[in-house]
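Heavy atoms only: backbone and side chains are in, while hydrogens, waters and symmetry mates are out. When a ligand or atom number is given, it counts from 1 through the structure's own listing order.
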Amino acid sequence: MNVMLLGAPGAGKGTQAAKIIEAYGLPHISTGDILRKAVADQTQLGLEAKRYMDAGELVPDEVVIGLVKERLSQPDTDEGFVLDGFPRTVVQADALGDVLTELSKELTAVISVDVDSQALIDRLTARRTCRMCGAIFNVIAQPEVASGVCPTCGGELFQRDDDTVETVTNRLNVYERSTAPLIDYYADKGVLRHVDGNRDVADVWVSVDAALKG
Ligand code: AP5
């Protein structure tokens, strides 16, 4: 099963990706996670990507296309994958189509997680992520995480540098300008399924799972 999650920043792509991975055992390909690791490791890629990410801008297409191309050619993706945060532009979507054709793969489902814009800002500014296990929490819905300790593994929780109100606002503008057109792009290919992401995580997951099975 080759799945893509589409949606605005904070729509819950990472949260639902974790559920797909748990249920179906697919590898998670998150360009945001790959870039954040490069930043933390202070690699050349990380140094280049950081200034775009901190400003809420997109990292240049050729950089992320190269990363995803390399990742999709690894053997653990043979049985399927979950793409999260890629593609984000029509150029990236066209390149993904070419890569999948070269690898004789195709997308099984593109799931658009749709959430109202005020909820996106509230969710992002309240997000906390575990440095150790990568679990995602929300300090308003889960006040216990205000302690800074991951309830799953005991690791340290942190707030992403790009989750400030100012950067979030720019990320949402960038999404509308560059990524939202991909909804029509994939609808035209007949693989798009919409899920109402305004509900709680468990209800959204029921719809995502149904969309994967449908
Ligand atoms: P990336 O890491 O991909 O961030 P994003 O797309 O902005 O998405 P987020 O991770 O912020 O949100 P999400 O939808 O995964 O939501 P989550 O599940 O965490 O990209 C970061 C940056 O990297 C970009 O700005 C860009 O610079 C660069 N980049 C990455 N990919 C790129 C690409 N392809 N091209 C160019 N540049 C790229 O949930 C958010 C919060 O909401 C959490 O607190 C969670 O607990 C909560 N929540 C989730 N679901 C629910 C629910 N149903 N109800 C209530 N709360 C919920």
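In the vicinity of F137, heavy-atom distances shorter than 4.0 Å reach the ligand 1 atoms 43 (C), 44 (O), 46 (O). Heavy-atom proximity to Q92, at under 4.0 Å, picks out these atoms of ligand 1: 33 (C), 34 (N), 35 (N), 36 (C).
D94 contributes atom CG, which lies 10.5 Å from atom CD of Q92 (distance to the nearest 0.5 angstrom).
Taking atom 34 (N) of ligand 1 as the reference point, the nearest protein heavy-atom neighbour is G85 O, 2.9 Å. The nearest heavy-atom contact from the protein to atom 27 (O) of ligand 1 is E57 O, 2.6 Å. Residue, atom and distance of the protein heavy atom nearest to atom 4 (O) of ligand 1 are R160 NH2, 3.3 Å. With respect to atom 43 (C) of ligand 1, the closest heavy atom belonging to the protein is I136 CG2, 3.5 Å. Closest to atom 53 (N) of ligand 1 among all protein heavy atoms lies R199 O, 2.8 Å. In this structure, the protein non-hydrogen atom closest to atom 31 (N) of ligand 1 is T31 OG1, 2.8 Å. With respect to atom 56 (N) of ligand 1, the closest heavy atom belonging to the protein is R123 NE, 3.5 Å. In terms of protein heavy-atom proximity, atom 15 (O) of ligand 1 is closest to G14 N, 2.8 Å.
Checking D33, L6, T15, N170 against atom 18 (O) of ligand 1, the nearest heavy atom belongs to T15. For atom 20 (O) of ligand 1, the nearest non-hydrogen atom from the set R51, Q16, R88 belongs to R88. Checking M53, R127, K50, K13 against atom 40 (C) of ligand 1, the nearest heavy atom belongs to R127.
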Give the C-alpha distance, both sets of side-chain angles, the deciding distance and a yes or no for side-chain contact (heavy atoms from CB on, under 4.5 Å) between L96 and L72.
CA-CA 10 Å; L96 175 65; L72 281 175; 3.7 Å; yes
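For ligand 1, the polar-atom distance check against R171 finds a nitrogen or oxygen pair separated by under 3.5 Å. For the pair L124 and ligand 1, the shortest N or O to N or O distance does not fall below 3.5 Å. The shortest N or O to N or O distance between V59 and ligand 1 is below 3.5 Å.
Checked for salt-bridge contact, D163 and R171 meet the test: a charged N lies under 4.0 Å from a carboxylate O.
Between the side chains of N170 and E57, at least one donor-acceptor pair of N or O atoms lies under 3.5 Å.
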